[in-house]
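First up is the structure itself, then whatever we jot down about it.
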Amino acid sequence: MDMPRGQLSYQRKSALTAGTALMIMALAAAFSYGFAHGSLLVQGDAHATLQNMISRNNLFKAEIFGWIIILISDIVAAWSLYIFFEPINKNLSLLGAWLRLVYAAILGIAIMNLLFVLLLSSGTVYLSTFSPAQLGAQVMLHLQAFDSIWSVGLIIFSGHLLILGMLALRSGSVPKWIGILLLIASIGYFLIHLCELFLADYEGIRRSLEFVFIIPMTAGEMSLGLWMLFKGGK
């Protein structure tokens with residue numbers, strides 16, 4: 001059944017907004033998490049990590065800025081994806097939007113830990129009462145808190161992807177393979193970050209899960225975002 005011209009235009013606008021937000025998010029995540037975070041954090045070495053934060057402070061600030069861009073993009077994506085999928089199933093679409101907004105709120109709490117790290121590594125006078133070892137320990141604690149809180153958020157995010165995949169499969173317009181990728185990605189996010197929180201001592205399990213799910217986790221939202229940009233709502 002053909003959509004009225006006005007409704008089609010509205011769907012196209014929401015698809016463009018969602019696709020743009022998802023693409024911006026992917027680029028910001030590639031920089032903040034894929035490049036900056038990995039460059040600054042030295043696993044198991046608090047002193048080296050603290051020195052990186054001090055000597056490469058501008059890179060760390062850029063990383064935090066990237067996370068804020070991701071947070072804003074998530075909020076925009078939650079709204080625009082709700083608008084796009086509302087005609088398919090309003091209740092499911094609304095639940096999916098709320099799950100993404102809850103995830104965004106948890107991500108915001110996680111980012112606060114990075115702001116604490118920025119304060120600890122800024123060389124403020126009152127921090128001179130702490131020894132380098134104490135500062136390093138606090139930096140590592142806040143970075144670990146960031147990872148753990150973000151993992152909680154990504155478990156919630158897996159629920160959003162589950163609903164998104166279901167809506168994509170029901171839509172009749174989104175390619176079925178994108179819906180399947182989103183469903184597989186939701187399972188991957190759930191299992192990996194559950195292991196991250198509760199099976200931290202079993203690193204091999206998490207790495208095996210990442211190996212299995214890395215392609216659908218990477219390609220799921222990227223594929224949806226590209227489809228939204230070029231095909232969604234047309």
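Small disclaimer: the values here were computed from a predicted structure and weren't measured.
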Check your understanding: Okay, side chain of Gln11, backbone of Phe84: is any donor-acceptor separation there less than 3.5 Å?
Key -> yes
**Study point:** Distance, nearest 0.5 Å, that separates CG of Leu164 from CZ of Phe85
**Key:** 5.0 Å
Practice item. Output all residues satisfying ring-ring contact (aromatic ring centres under 6.0 Å, His included) with His160, sequence neighbours left out; order by chain, then residue number. Key: Phe157
Point to revise | Whichever hydrophobic residues join Ile215 through chains of side-chain contacts under 4.5 Å | key: Ile214
**Study point:** Spacing of CG belonging to Leu81 relative to CZ belonging to Arg100, to within rounding of 0.5 Å
**Key:** 6.0 Å
Check your understanding: Can you tell me if CE on Met23 sees more than 12 non-hydrogen neighbours from other groups inside 6.0 Å?
Key -> yes
**Study point:** Members sharing Ile24's hydrophobic cluster (side chains within less than 4.5 Å)
**Key:** Phe65, Ile69
Point to revise | Counterpart residues, side chain to side chain donor-acceptor pair (under 3.5 Å), relative to Glu210 (two or more places apart) | key: Arg206
**Study point:** Approximate separation, where rounding is to 0.5 Å, of Leu209 CG and Met217 CE
**Key:** 9.5 Å
Review point. Does Tyr103 have any side chain to side chain donor-acceptor pair (under 3.5 Å) partners at least two apart in sequence or in another chain, and if so, which?
Key: Trp150
Check your understanding: Which residue pairs pass the side-chain hydrogen bond (donor to acceptor under 3.5 Å, both in side chains) test with at least one member in residues 161-172, sequence neighbours excluded?
Key -> none
**Study point:** All salt bridge (charged side-chain N to carboxylate O under 4.0 Å, His left out) counterparts of Arg207, not counting sequence neighbours
**Key:** Glu203
Exercise for review: Return each pair, listed once, that meets side-chain hydrogen bond (donor to acceptor under 3.5 Å, both in side chains) where at least one residue sits in residues 104-120; pairs must be two or more places apart or across chains.
Suggested key: Asn113-His142
Review point. By salt bridge (charged side-chain N to carboxylate O under 4.0 Å, His left out), which residues pair with Glu63, not counting sequence neighbours?
Key: none
Review point. With sequence neighbours excluded, what pairs up with His37 under the ring-ring contact (aromatic ring centres under 6.0 Å, His included) test?
Key: Tyr33, Phe146
Exercise for review: Applying side chain to side chain donor-acceptor pair (under 3.5 Å), name anything that partners Ser173, two or more places apart in sequence or on another chain.
Suggested key: none
**Study point:** Pairs meeting criterion side-chain hydrogen bond (donor to acceptor under 3.5 Å, both in side chains) with involvement of residues 78-91, two or more places apart
**Key:** Tyr82-Glu86
